[in-house]
There are 2 protein chains.
Amino acid sequence: MTSRSRKPVGSREVRPDRGIPEATIARLPIYLRALTGLADRGVTSASSEELAGAAGVNSAKLRKDLSYLGTYGTRGVGYEVSYLRYQIAREIGLTQDWNVVIVGIGNLGLALAKYSGFASRGFCVAALIDTDPSRYGEKVAGLEITPLDQLDRVVAECSISIGVIATPANNAQNVCDRLVAAGVSSILNFAPIVLNVPEGVDVRKVDLSIELQILAYHEQRKANSVVDLEAGAL
Amino acid sequence: MTSRSRKPVGSREVRPDRGIPEATIARLPIYLRALTGLADRGVTSASSEELAGAAGVNSAKLRKDLSYLGTYGTRGVGYEVSYLRYQIAREIGLTQDWNVVIVGIGNLGLALAKYSGFASRGFCVAALIDTDPSRYGEKVAGLEITPLDQLDRVVAECSISIGVIATPANNAQNVCDRLVAAGVSSILNFAPIVLNVPEGVDVRKVDLSIELQILAYHEQRKANSVVDLEAGAL
DNA sequence: ACGATTTTGTTAACGCGTTCACAAACTCCT
DNA sequence: AGGAGTTTGTGAACGCGTTAACAAAATCGT
Ligand SMILES: NC(=O)c1ccc[n+]([C@@H]2O[C@H](COP(=O)([O-])OP(=O)(O)OC[C@H]3O[C@@H](n4cnc5c(N)ncnc54)[C@H](O)[C@@H]3O)[C@@H](O)[C@H]2O)c1
Ligand SMILES: NC(=O)c1ccc[n+]([C@@H]2O[C@H](COP(=O)([O-])OP(=O)(O)OC[C@H]3O[C@@H](n4cnc5c(N)ncnc54)[C@H](O)[C@@H]3O)[C@@H](O)[C@H]2O)c1
């Protein structure tokens, strides 16, 4: 598998790294998970077809995606699970752990804080922030809830680069501004608003109402097409 | 072959409704939210530029998106907020309320069950399902937690067409199968696995670890480019 | 040693989504 | 009424992502 055609690692040549499409990036974590699943079941090698099946995509897309990273497979054989897994993890940046701060420890923030699944995927919840004085000092999953005005200190001390916003929508922009001011440059936003951030800061939003509304649209169409069929049958 | 050739039209393709691109569908809820925000602030009319600003997209895209629904604006004037809002809501299927069942009332399921924001966006959490006998009958937000084996009855009685899966990953496919068997045809999945569903069933997944990993990738690239710059400056 | 078989890596075609740019349609002012 | 100004709706160009298809490279059997 590790034939002689390695990579010109270290050399500052035409960076193969430069142009990984965003759509591919978004699928790499899925491949990573599929590979982890295979590894857990003792599988050591897999073809693009098998991997694609486990990831829920077609094999042409999977191969194309992997080709942006390098040539980590062996023709006629497939991919070595653990090797490919490492390469993808490295590409995503999961050879290090990332520290995360959660701001807003209400219903949702609490669930996130208690969730054990982040740690195994390279993320460490390092701080919990709220503005409700009655909650200061309360311990959740071994971490104390800390006042918002200590955000700067906490972000610096824990080397936090990722922030999660789980406050009500009306505070979210303010919280976002403070996160950015504290040095956070990646934000995962659960509040249902459009955040404004300066250049260089990445925002991803998770909006559950939107997901439900998209489902509702298709649900309605399904219902209508049934009506159409019945009407057409008359 | 693009030129004037409209569509393969085929049988009876008169419906303007038929061909709304998926990407547009995914943005309609954002426009809806922006319109609601404007309406709340007493704004009765808005240009595509204003609306686009509130929605975080550019105005050309917004106009194109709206053009798939119909011609609801007035040239030289803009869009009437309440009228457009109604038209979008109708298109998405929000003139009716949709009943939702949440399966798996743990950390996350609990947060979802308690969330008050769904009701105002056309969704009614109508049932809570778990398999932990010690939780049966427990009330959350006015609803009793119900055993999984009553899923069929509950789905039928409450006319539920949307299911939310918030169980551990190892049970999620089983839960999914049971939801489908019970008649649910739209599923929002929080478990980190790829669900297999029959034709006609829509699945959307919300995967927080993936979101964080995408952020981590960009974070790493930002860090690397700083290193590159410093190295280049020598 | 070599042809048959498998499966990757990649090129080229295709399709979808975004953006540009402008005629058409409206309001307002004189 | 008519001209100036505004803003929509949309055709066309463009770019990105997906898919199909196949040559290249590996293994296997004889
Ligand atoms: N709970 C859900 O399932 C759910 C679903 C979809 C979206 N959301 C969104 O997620 C966000 C949180 O929802 P929730 O149900 O957890 O709300 P919540 O009201 O239960 O919790 C909000 C928490 O944020 C804290 N807070 C308020 N202002 C703050 C500030 N400026 N800085 C730090 N903390 C602050 C509050 O003290 C509270 O603890 C909301 O924007 C909501 O719309 C939640
Ligand atoms: N909590 C989070 O913030 C978070 C974040 C990302 C992903 N997730 C995913 O969401 C899912 C739920 O996470 P959680 O933290 O709430 O887990 P949890 O363990 O707190 O809750 C799971 C609940 O599901 C119930 N359950 C188990 N099997 C069931 C079945 N067959 N039918 C019905 N109910 C069943 C359990 O009794 C429990 O109440 C998991 O798949 C997790 O990976 C959670």
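Fair warning: this is a prediction, and the values are worked out from it, not measured in the lab. A note on names: the letters A, B, ... follow the listed sequences, proteins ahead of strands, and every chain is numbered from 1.
Counting heavy atoms from C-beta outward, A/Y79 and A/L66 have side chains that approach closer than 4.5 Å. B/L32 places a side-chain heavy atom less than 4.5 Å from the side chain of B/R85. Side chains of A/L69 and A/Q87 form no contact here, defined as non-hydrogen atoms less than 4.5 Å apart.
Regarding B/L62, its CG atom lies at a distance of 14 Å from the C1' atom of C/dT19, rounded to whole Å. Regarding A/N58, its CG atom lies at a distance of 12 Å from the C1' atom of D/dG17, rounded to whole Å. Between the CZ atom of B/R27 and the P atom of C/dG17 there is a distance of 9 Å, given to the nearest Å. Atom-to-atom, OH of A/Y72 to C1' of C/dG9 comes out at 14 Å; the value is rounded to the nearest Å. The separation between B/Q87 atom CD and D/dG9 atom P is 12 Å, rounded to whole Å. Protein atom CG of B/D65 is 10 Å distant from nucleotide atom C1' of C/dG17, rounded to whole Å. Separating the CG atom of A/L66 from the P atom of C/dG9 is a distance of 7 Å, rounded to the nearest angstrom. Between the CG atom of A/L51 and the C1' atom of C/dT7 there is a distance of 13 Å, rounded to whole Å.
If B/K64 and A/E49 are placed on DNA chain C by their nearest nucleotide, the residue sitting closer to the 5' end is A/E49.
With distances taken from any side-chain atom of B/S47 to the nucleotides C/dT10, D/dT8, C/dT18, the minimum falls on D/dT8. Taking every side-chain heavy atom of B/R63 into account, C/dA21 is the closest of C/dA21, C/dT27, C/dT11. Out of D/dG17, C/dG17, D/dA26, the shortest distance to the side chain of B/E22 is found at C/dG17. Proximity note for A/A23 (side chain, C-beta onward) versus D/dA20, D/dT27, D/dT18: the nearest is D/dT18. The A/R75 side chain lies nearest to C/dG9 when the options are C/dT18, C/dG9, D/dT7.
For the residue pair A/D177 and A/Q173, a side-chain donor N or O sits within less than 3.5 Å of a side-chain acceptor on the partner. The closest side-chain donor-acceptor pair between B/S186 and B/D202, if any, does not fall under 3.5 angstrom.
Regarding contacts with the backbone of C/dT18, every side-chain N or O of B/Y68 stays at 4.0 angstrom or more from both OP1 and OP2. For A/S48, a side-chain nitrogen or oxygen approaches OP1 or OP2 of C/dT8 to under 4.0 Å.
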